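Notes follow once the structure below has been shown.
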Amino acid sequence: MGRAARVPAERFHDREVTPYEFIPQGGGDHHRNHRCPGEWIAISQMKAFCSFFVNAIDYEVPDQDLDLETGELPPMPKSRFIMRNVRPRQ
């Protein structure tokens, strides 16, 4: 494995961490550190999305290739995600 393919984690051992570190989407305690300003909106949207898929509709998920395409951002399954016979829950 070449040096470019290896992340030497030991370079962080003696490093002083500050509240202003760059962590995409933020990290740590949201009262003390930077967090994504849209984090609470994203969480509420995920809750609504999950509730809808669990409580509001019925559907079938056929066999499919869910291996991830790692060359994409965000990684997506090769067959994407296929749903059949989607209908409102009675």
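Any value given below was found using the heavy atoms of this structure, including those in side chains, with hydrogens, waters and symmetry copies removed. Because the structure is predicted, anything quoted here is derived from the model rather than measured.
- In this structure, D65 and D67 approach most closely via the heavy-atom pair OD1-N, 3.0 Å.
- Between the side chain of E60 and the main chain of N85, no donor-acceptor pair closer than 3.5 Å is present.
- Counting only distance, with no hydrogens or angles, the side chain of R89 and the backbone of A56 share no donor-acceptor pair below 3.5 Å.
- In terms of heavy-atom proximity, L68 sits nearest to P77 at CD2-N, 3.8 Å.
- Closest of all the heavy-atom pairs between Q64 and R80 is OE1-O, 3.7 Å.
- Hydrophobic clustering, with ILVMFWY side chains joined whenever heavy atoms are under 4.5 angstrom apart, keeps M76 apart from L66.
- Transitive grouping of hydrophobic side chains (ILVMFWY, heavy atoms separated by less than 4.5 Å) keeps V86 and V54 in distinct clusters.
- Atom CD1 of I41 is surrounded by 12 or fewer heavy atoms from other residues, nucleotides or ligands within 6.0 Å.
- In this structure, R84 places its CZ atom where only 12 or fewer heavy-atom neighbours from other residues, nucleotides or ligands lie under 6.0 Å away.
- Within 6.0 Å of CG on N55 lie more than 12 heavy atoms contributed by other residues, nucleotides or ligands.
- Counting heavy atoms from C-beta outward, M83 and F53 have side chains that approach closer than 4.5 Å.
- Remark: F49 CZ is loosely packed, at most 12 non-hydrogen atoms of other residues, nucleotides or ligands lying under 6.0 Å away.
- One finds the CD atom of Q90 at 12.5 Å from the CD1 atom of I57 (value rounded to the nearest 0.5 Å).
- Within the 3.5 Å criterion, the main-chain N or O of I43 finds no donor-acceptor partner in the side chain of Q45.
- No continuous path of ILVMFWY side-chain contacts below 4.5 Å connects F52 to I82, so the two sit in separate hydrophobic clusters.
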